[in-house]
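Lettering follows sequence order; numbering is per chain, from 1.
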Amino acid sequence: MSFPLLTATAALPALGAIATAAVPAARRTAAKWLALLFSLGTLALAVVALVRFEPGGARYQLTESHAWIAEFGVRYELGVDGIGVSLLALTALLVPFVILAGWHDADPLEDARPNRRWRPTQGFFALILAVEAMVILSFEATDVFLFYILFEAMLIPMYFLIGGFGDRAAPAQFAAKAAGAGDEAAATQRSYAAVKFLLYNLAGGLIMLAAVIGLYVVAGTFSLTEIAEARANGSLSMATNTERLLFLGFFFAFAVKAPLWPLHTWLPNAMGEATAPVAVLITAVVDKVGTFAMLRFCLQLFPEASKWATPAILVLALISIVYGALLAVGQRDMKRLIAYASISHFGFIIMGIFAMTSQGQSGATLYMINHGISTAALMLVAGFLISRRGSRLIADYGGVQKVAPVLAGTFLIGGLATLSLPGLSPFVSEFLVLVGTFSRYPVIGVIATLGIVLAALYVLVLYQRTMTGPVKAEIRTMPDLRVRELVVVAPLIALLLFLGVYPKPLTQIVDPAVEHTLSDVQKTDPKPEVEAAR
Amino acid sequence: MENLIAPLIAAPLLGAAVLLCGGRRLDRAGHWIGTVLAGASFVIGVLLFADLLGRGAEDRTLHQHLFSWIPVGSFRADIAFQLDQLSMTFVLLITGVGTLIHIYSIGYMEHDERRRRFFGYLNLFLAAMLLLVLADNYLLLYMGWEGVGLASYLLIGFWQHKPSAATAAKKAFLVNRVGDLGLSIAIMLMFTTFGTFAFGPVLGAAGDASEGKLTAIGLMLLLAACGKSAQVPLQSWLGDAMEGPTPVSALIHAATMVTAGVYLITRSGAIFNGAPDAQLVVVVVGAVTLLFGAIVGCAKDDIKKALAGSTMSQIGYMILAAGLGPIGYVFAIMHLVTHGFFKAGLFLGAGSVMHGMNDEVDMRKYGGLRKYMPVTFVTFGLGYLAIIGFPGLSGFFSKDKIIEAAFAKGGTEGWILGGVALLGAAITAFYMTRVMLMTFFGEERWRGRETASPAEPSAEPAAEERGRHAEPHPHESPKSMTIPMVVLAFGSVFAGGLFSFGDSFVRWLEPVTGYAHGHPPISAAAVTTATVVALVIGVAVAWLMYGRVPVPVTAPRGSLLTRAARRDLLQDDFNHVVLVRGGEHLTRSLVYVDHTLVDGVVNGTAASFGGLSGRLRKLQNGYARSYAVTMFGGTAVLIAATLLMRAV
């Protein structure tokens, strides 16, 4: 038996979570380093998986299969296609940066009572690694039931991450702030956000559970590959209504997680209240499971129903794009602004998936990756900014570029990536999604370009209000980026630039998977007019 | 030789990377690094030019393919370059004027603590602009297109601590984004029509596409051109862009970037040739902007804003010419090049005047400066003569040809366009004479008058420290600033004649753009005579108003048109009421709707399933944990059950 590489990529962070949680209370720093080490080890394994993956090879590679719950035909089945392996790599890549960026986010407050069992730092980093393990395994699962379990289980550590850890100001500013009342209100807000996150996602999950069981009743197995094969060769046919209902059950859960308008309202609360690294974990990593699952499960299991629902989904995606962008423009809180921008971007991803063209779906997959990197860059720098001043309100800043030019510069680059400037990687994916949509649905494609203009508006307004103008008195002594912070941001920026000019390594891996998915739904790209006329 | 195309772009790109990432230790050498790399790019450009001249007219297209950029299915975008006569012309203009302005900036920005960064941005601009004109497909052109937009954003807002500069930068980027939307839709249309967006296949197959598609593509390209080239209705950003340091105004907002729209239309000639309706819209936009900019230019007292109005108007001429088709393309580009010389020269002259006048920009507080700044006066004067089309100077040749071509459009349209172009020539002569008289002639209105807050806070030693109460002491600028002005003045004088000598410019560009000799309904000599008459009228009226009588230091109230023109013909007021206010209301109400309605409805729907809403309300009262625990309990039971199944 060969080395179970995919299991290892999930087992390593899971082990790391346990190890980190077990570190004694006094050895805080050791816990941090341990978590970082495990996340880097996971990244190394992900790189091995990426290298061993053959773009032209079988659809699912590095597969593993073991019996699990034989009574129900539930198997522990893993395998990655090009889409899965790239998202696996994205997750493994982002987590070390999340850990490094959140280095001091969970330090116990100085006035906290010394308590041997009080170990928030250990808990924080253990939870991050636990989320990583489950997200990675969900990108690898080819058994529907296994996927469902992970899809639900990752909510638990996420809940504690959102509800348990909020923004901190640097100690000096923190002391100046009137302690007490404000903190309590913030804690209530945070707990509201965490529960809202949990309820929305659990509601989606419960409906999906019904659909998962329904699918088992119809198909007699949970194996994605078996069902998809049976669907393709016609040995498994579903009644039209059954297929549609099952599709909706799955899609609803994924649309909550993605999130798609109008199921999006939990995201701004969650991202606003969580610390910046956790917000990155939500939007750049966990939410990607939703869009990934649409591509993998909805289209493969229910091709006919997917086509049936396409017009409605495209309209919802279009609303997400424009609505999310407009709301981003109206935000006063920079983290909520980034959250609404993400909603707009998720609209693009879903639009690209359901445009059912190779450009649209390849673009959507690249979009998931690029959005992860660009949002991480922007959000983490925003987090660094917030930690210096202790406020998320845009109006509390002004003139930062004068006192902290490097911070301002990296913030601008993160912003330019968010508005999809050509030369940075998000442009590639956004343009592919647009062109893929336009070639089949010109009107929707044209309206979606509004998102391009609005993105420029919310990004540049945010930059102008925080970074330019006269220097506000409160930030006159604000320090520029520290070495640790620069280590977080610089590689992300380098990656944005590299993948903006040379995305070919990714498209090579993703394209064959997209071809498979398109043949599942029996769609081919429209022919150009001139060629068609000849 | 084609392997030299990439280094042409790489040199300034390297400069930008080094200067922007290099940190403080490069502060002392930064401006030299930037200037040398810009110069290197120019030298490579000249080498390539020499190579092209050595080839036959039909053999002057070089290709360099670097690598495949975005290959997805049938969608293929490459990082690949095409150098032909059209892009070569731009390369020489961009790197030539660019290098001169780098040299000028060494002196002009000497006292700015962020000079290194300024040169980094300038280098970034050069690289992006070169990419724009050297790309061999529309998507790569788009990268350059937005790249110059970014450089323009960074440079307009270079003095970011001034709120007006930051606002102007944002405005420029946003208005340009609206235009960019046109470019992206045009590329998508090309992809669905031709299956590609590389120049060769698209322009080669343009004849096979339906006229409707070509018209749509053409109009979208025009929208893009309107944004970048500040044409009506996307013109409003250019005046505000004068917030940037003056060398930036000269290079980006006069000589090169703003002319990118003309490049785009000329490059896409094959598409426009098959879409007469789109061409008609192009000439209308050009004609309207030509008058719009000229009228605005007449009313401005700020020397840079008067010149900005003029730029808008002159680009209107170019767009008009490009819309005329093969009878106009060549002259659009010829005017673009001569304009690049004299307008850059005029801006550098304006910068030199401001440099010696405590950064004062109000021409009403100038006067009689010719005695104090002789070099600036002479070079600015030559630029002035060139732009108004004084016979024998650059502008005369290029503008005269455009007016001729406008008449040659034929029919009523031809008469209207020709008439507008002539009227524009008269107004140009008027407002430029006004600038000239107010600045260099008349009384010394700055005597005994303190300067207001400095417009360009770091151009002069500690302008802020010197305070707002000093009387200016006009003086000539240092050599590093005057030499570029002298070189550009040479171009302003001789370029037009050189290009027209034996129709050399026409023969040079014809293989790329095509050329048809236009036949105006009146003789060419008559057109030329009319142009000269228009010029004389314009100059005479200006002299009557600003030369014969003293110029009041505070602006008179003026007629309704003057007042409207001072406010840029109310363009900003319109934008503010319709777009800004409307947009603010929209986003504010949406924020409210999202918070109450969408959130409420979704929660409410859920409530009907399980009393969720009531529970959500209780969350605020501390029930959160108990509820969460319940949910966790459920999930835990579920997982435990599945695990148990296995054990059984």
Query raised in the report: What residue in A:V329, A:L506, A:L432 has the most heavy-atom pairs under 4.5 Å with chain B?
Result: A:L432
Query - Taking every non-hydrogen atom, the tightest pair across A:Q359 and B:V72 - result: NE2-O, 3.3 Å
Query raised in the report: Among A:D525, A:V514, A:V428, who wins on heavy-atom pairs under 4.5 Å with chain B?
Result: A:V428
Report summary line: Those residues at least two apart in sequence (or on a different chain) that pass side chain to side chain donor-acceptor pair (under 3.5 Å) with A:S320 are none
Query raised in the report: Side chain, backbone, both or neither: which part of B:L140 has a heavy atom under 4.5 Å from chain A?
Result: neither
Report task. Sort A:K504 into side chain, backbone, both or neither according to what part of it lies under 4.5 angstrom from a heavy atom of chain B. Result -> both
**Report entry** Proximity of A:F427 and B:Y142 rings by center, below 6.0 Å
**Finding:** yes
Query raised in the report: About how many Å separate CG of A:L421 and CD of B:E146, when rounded to the nearest 0.5 Å?
Result: 5.5 Å
Report summary line: Interatomic distance, CG@B:D594 vs CG@A:L327, rounded to 0.5 Å, equals 5.0 Å
Requested in this report: Determine, step by step, whether A:L412 and B:Y153 satisfy the side chain to side chain contact (heavy atoms under 4.5 Å, CB included) criterion, reporting the C-alpha distance in whole Å, the side-chain angles of both residues, the deciding distance to 0.1 Å, and the verdict.
Outcome: CA-CA 12 Å; A:L412 182 62; B:Y153 168 80; 4.2 Å; yes
Query - Proximal component of B:L181, with respect to chain A [non-hydrogen, under 4.5 Å] - result: side chain
Report task. Using a cut-off of under 4.5 Å on heavy-atom pairs, state which of B:M143, B:M190, B:E584 scores highest against chain A. Result -> B:M143
Query raised in the report: Considering only heavy atoms, which portion of B:L189 lies under 4.5 Å from any heavy atom of chain A: side chain, backbone, both, or neither?
Result: both
Query raised in the report: In terms of heavy-atom proximity below 4.5 Å to chain B, should A:T437 be classed as side chain, backbone, both, or neither?
Result: neither
Report summary line: Closest non-hydrogen atoms of B:L174 and A:V453, given as atom of the first, atom of the second and distance, are CD2-O, 4.1 Å
Query raised in the report: To the nearest 0.5 Å, what is the distance between CZ (A:F431) and CG (B:L139)?
Result: 5.0 Å
Query - Inter-residue atom distance B:K213.NZ - A:E529.CD, 0.5 Å rounding - result: 3.5 Å
Query raised in the report: Got more than 12 heavy atoms from elsewhere within 6.0 Å of CZ, A:R465?
Result: no
Query raised in the report: Is any side-chain heavy atom of B:F191 less than 4.5 Å from a side-chain heavy atom of A:P528?
Result: no
Report summary line: Counting heavy-atom pairs under 4.5 angstrom with chain A, the leader among B:A209, B:G195, B:A166 is B:A166
Query - Pairs touching residues 439-461 of chain A that satisfy side-chain hydrogen bond (donor to acceptor under 3.5 Å, both in side chains), sequence neighbours left out - result: none
Query - From CH2 (B:W69) to OG1 (A:T507), nearest 0.5 Å - result: 12.5 Å
Query raised in the report: Is it the side chain or the backbone of B:L154 that comes within 4.5 Å of chain A heavy atoms, both, or neither?
Result: side chain
Requested in this report: Sort out for me which of A:V471, A:L434, A:L419, A:V461 touches chain B most, counting heavy-atom pairs under 4.5 Å.
Outcome: A:L419
Report summary line: When the 4.5 angstrom heavy-atom criterion is applied to A:P470 and chain B, the contacting part is both
Query raised in the report: Has B:Y592 got more than 12 heavy atoms of other residues, nucleotides or ligands less than 6.0 Å from its OH?
Result: no
Requested in this report: Check the pair B:L590, A:Y340 against side chain to side chain contact (heavy atoms under 4.5 Å, CB included), reporting the backbone distance first and the verdict last.
Outcome: CA-CA 12 Å; B:L590 273 182; A:Y340 277 106; over 6 Å; no
Report summary line: Applying a strict 4.5 Å limit to non-hydrogen atoms, the region of B:S210 in contact with chain A is both
Query - Best-contacting candidate, A:G469, A:A194, A:S358, A:G436, against chain B by heavy atom pairs under 4.5 angstrom - result: A:G469
Requested in this report: Name the option with the most non-hydrogen atom pairs under 4.5 Å to chain A; the candidates are B:T193, B:I187, B:I79.
Outcome: B:T193
Query raised in the report: Do you know which two heavy atoms are closest between B:I70 and A:P503, and how far apart they sit?
Result: CG1-CG, 4.3 Å
Requested in this report: Answer yes or no: is there a side-chain heavy-atom contact under 4.5 Å between A:I452 and B:R177?
Outcome: yes
Report task. Could you have a look at A:Q508, A:M467, A:H264, A:E515 and say which one has the most heavy-atom pairs with chain B under 4.5 angstrom? Result -> A:H264
Query raised in the report: Considering only heavy atoms, which portion of B:L20 lies under 4.5 Å from any heavy atom of chain A: side chain, backbone, both, or neither?
Result: neither
Report summary line: Closest non-hydrogen atoms of B:H161 and A:Q401, given as atom of the first, atom of the second and distance, are N-NE2, 4.0 Å
**Report entry** A:Q464 side chain to B:T167 side chain, donor-acceptor N/O pair below 3.5 angstrom
**Finding:** yes
